[in-house]
Structures are given as C-alpha cells and as structure tokens.
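As the structure is a prediction and not an experimental result, all values here were calculated from the model. Just so it is clear, the values below take in all heavy atoms, side chains as well, and ignore hydrogens, waters and symmetry mates. All residue numbers refer to positions in the sequence shown, counting from 1.
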Amino acid sequence: MDLQINGNTALVTASSSGLGKASAKALAREGVNVVINARNPEKLNAAKAEIETVAAGDVVAQPGDLTEEDDMKELVRTTVDEFGGLDHLVTSAGGPPSGSFLDTDDEDWYAAYDLLVMSVVRLAREAHPHLRESDHGTIVNITSRSVKESLDNLVLSNSVRMSVIGLEKTLSKEFAPEVRANAVLPGPHETERIENLVNAAVDRGDYDSYEEGLDGWAGNPLERIGDPMELGNTVAFLSSPQSGFINGTAIPIDGGSTGANL
C-alpha cells in the first residue's frame, strides 16, 4: 500500500530507542523527512544512523528533554527550519516509575504528569499552526494499554496516561478538520527495555533462556510479544491519508491481551 506521505515531514519524540524509534523508522522508510529526539546525544546519533539505513527521506537528530518547555519549542522550530513545515507529530515518552499508590509521593505524581501530559500539551500547542497549514496534518500519541485496563503496580501509568487520551480526543475535535489526532496503546513489544528486563530475569535464574523469558511477556491470544515495527507501521498508517477517516480513536496494539470490550 502506498501511504502517500513521501516528502512529508514528521517530528517523533523519545525516538532514540523503542517504539518511538520504530515509528520514526516506519515513517522514514515511506519517504518522510523525520526529526528524532532524545536526551542522550550519543544514543540519538546511533538511532539516526540506524534509521538512515532504511530511510527514503532525510533524518535529523535534535536532542531535548521532554520536561523542558524551551526544548519542546526548539524541537518544533528545528523541524520547520530544516524542512519548511511540519505534517505529522508523533509523541512518545518513557514510562514513569512503577509503584503502588501508597509508595508514590507528590513529587512522583508531578514528574509523571510533566513527562507524559505536559510534553504533549506543549508540543501540540507549538506544532498546531504548522500542522494546520499541512494538507493532511496528524497527531499520533503513543501511550499504553494501561488506559484501557489498569496494570498491577503501575499507579502512575494507569492514572496519568488517561489525561493524554482525554487531550487526544479533545484535539481531534478542536483541531479538525485540518488536523486529525489519534492514539496507539501498546502492550509489550520486544524493545531494548524489555530485552534488558528479560536478560536480567535470566541472570537471576527466573528463566533458563532469553526465549523462555520473552514468552513470559506474551500473555495474549497471539502467544507472542510484539515486534516494535508492527506498532511503527500502525503509526505510519495513522499519519497517512489512507487512514483519513480515522480521528479521535485509541487503538490497542497488544495482541488482544486487553480484557476491555471497548
């Protein structure tokens, strides 16, 4: 399928690894010029080199902290300066710390809100005038399946990520018809984070092999963990005119593990 986004421009945050990097890679492979972002310049440049091996568009690496408002403004400004506009915004962020309610203090709550919600607020605000000028502006928020079904010992993710969905739904109405906004809700995928957790479990003796440990993360009807590119490909599709009537929705990408009917 031709996604019809060749020559477009996308900004993808938290994209030096994991699902953000997979999304940037999927977009770049379709010929989209991509600006990627992370706090660690060395890791970011390594991701740039990896994405460029499959890219049909240009890739620019822009360091920045998602909790710093000035960094978010600079991200959008760099994208527009480099490519003359912005067609697609993909927001991603690392997960907040795990923990129960009674083990979580006010500082933890504010930090999670700043990282997960205010980063999207600031980016959407800065990107909006440029997305509106695009022929097919889009926003895709990468969140978590925890907005559909709460996960044990993840009170911050369960609670704070819901705000991103409320924001995404609001933007899908306020920014329309020029800009569409959607979200994807990933379950476990074989990212660097999962790889590290599995390897640590093997080292502890919880599993006999990496493959056995990976199977322990499956927990879905498809009986396997996700490939990050499967999510990245969905993000690219939601950024394209081929999904032009999809707006204001949140799509679980979890192999069917979520028990919620909606």
Side-chain angles (χ1 to χ4, degrees), residues 12-29 34 36-55 59 61 66 90-100 103 112 115-116 140 142-158 161 184-237 251-260:
V12 186
T13 62
S15 42
S16 66
S17 63
L19 301 178
K21 182 172 73 174
S23 299
K25 186 181 290 187
L27 287 162
R29 191 176 55 196
V34 177
I36 61 173
N37 151 262
R39 288 178 297 180
N40 185 319
E42 183 177 345
K43 192 172 182 180
L44 185 61
N45 287 328
K48 178 179 183 292
E50 178 183 339
I51 294 169
E52 285 177 332
T53 63
V54 300
V59 183
L66 292 177
V90 180
T91 70
S92 179
S98 60
S100 66
D103 290 333
L115 173 65
L116 298 178
V140 180
I142 302 174
T143 59
S144 168
R145 63 176 176 149
S146 64
V147 305
K148 286 282 190 182
E149 187 175 62
S150 63
L151 305 175
D152 292 344
N153 207 43
L154 290 176
V155 65
L156 290 173
S157 184
N158 294 338
R161 289 188 190 274
V184 291
L185 317 178
H189 287 68
E190 194 176 359
T191 60
E192 291 92 332
R193 178 175 177 272
I194 295 294
E195 290 172 359
N196 291 336
L197 290 172
V198 171
N199 284 324
V202 172
D203 291 342
R204 290 194 306 268
D206 297 344
Y207 301 104
D208 292 333
S209 68
Y210 176 81
E211 290 71 23
E212 182 183 335
L214 207 61
D215 287 342
W217 280 89
N220 61 65
L222 298 185
E223 299 181 347
R224 66 175 178 85
I225 198 168
D227 181 333
M229 288 307 300
E230 292 176 301
L231 181 134
N233 292 337
T234 304
V235 169
F237 172 70
I251 302 175
I253 306 177
D254 62 359
S257 64
T258 303

(message) Quick check: do Asn220 and Thr258 have side-chain heavy atoms less than 4.5 Å from each other?
(response) no
Between the CG atom in Leu66 and the CG atom in Leu115, the distance rounded to the nearest 0.5 Å is 6.0 Å
Point to revise | Side-chain touch Leu151/Asn158, heavy atoms, less than 4.5 angstrom | key: yes
Checklist entry - More than 12 non-hydrogen atoms from neighbouring residues, nucleotides or ligands closer than 6.0 Å to CG on Asp203, yes or no? => result yes
Nearest heavy-atom approach of Ala47 to Lys21 is CB-CD, 3.9 Å
Are any of the side-chain heavy atoms of Arg145 and Pro188 separated by less than 4.5 Å? yes
Q. Checking Ser257 side chain against Gly219 main chain: does a donor-acceptor pair fall under 3.5 Å?
A. no
For residues Ser209 and Val202, determine if any side-chain heavy atom of one lies less than 4.5 Å from a side-chain heavy atom of the other.
no
**Message:** Is there a side-chain contact between Thr191 and Leu19 in this structure, where contact means two heavy atoms from C-beta onward sitting under 4.5 Å apart?
**Reply:** yes
Would you tell me whether Ser157 and Ser146 have side-chain atoms, one donor and one acceptor, within less than 3.5 Å of each other? yes
*Are the side chain of Asn153 and the backbone N or O of Ser98 linked by a donor-acceptor pair below 3.5 Å?*
no
inquiry  = A side-chain contact here means heavy atoms from C-beta on lying under 4.5 Å apart; do Ile253 and His189 qualify?
reply    = yes
#### Entry: Worked verdict on Val184 versus Leu231 for side chain to side chain contact (heavy atoms under 4.5 Å, CB included)
CA-CA 8 Å; Val184 291; Leu231 181 134; 4.2 Å; yes
Q) Near Asp208 CG, under 6.0 Å, is it more than 12 heavy atoms from other residues, nucleotides or ligands? A) no
Flag for Arg29-Asn233: side-chain donor and acceptor within less than 3.5 Å: yes
Residues Lys25 and Glu50: closest non-hydrogen pair is NZ-OE2, 2.6 Å
Go through it in stages, so that I can follow the logic: the residues are Arg224 and Glu230, the test is salt bridge (charged side-chain N to carboxylate O under 4.0 Å, His left out), and I'd like the CA-CA distance, side-chain angles, deciding distance and then a yes or no. CA-CA 13 Å; Arg224 66 175 178 85; Glu230 292 176 301; 2.8 Å; yes
Would you call Leu214 and Glu190 a side-chain contact if the rule is heavy atoms closer than 4.5 Å?
yes
The reported gap from CD1 in Ile194 to CH2 in Trp217 (rounded to nearest 0.5 angstrom) is 4.0 Å
For Lys48 and Val59 the tightest heavy-atom approach is CE-O, 3.0 Å
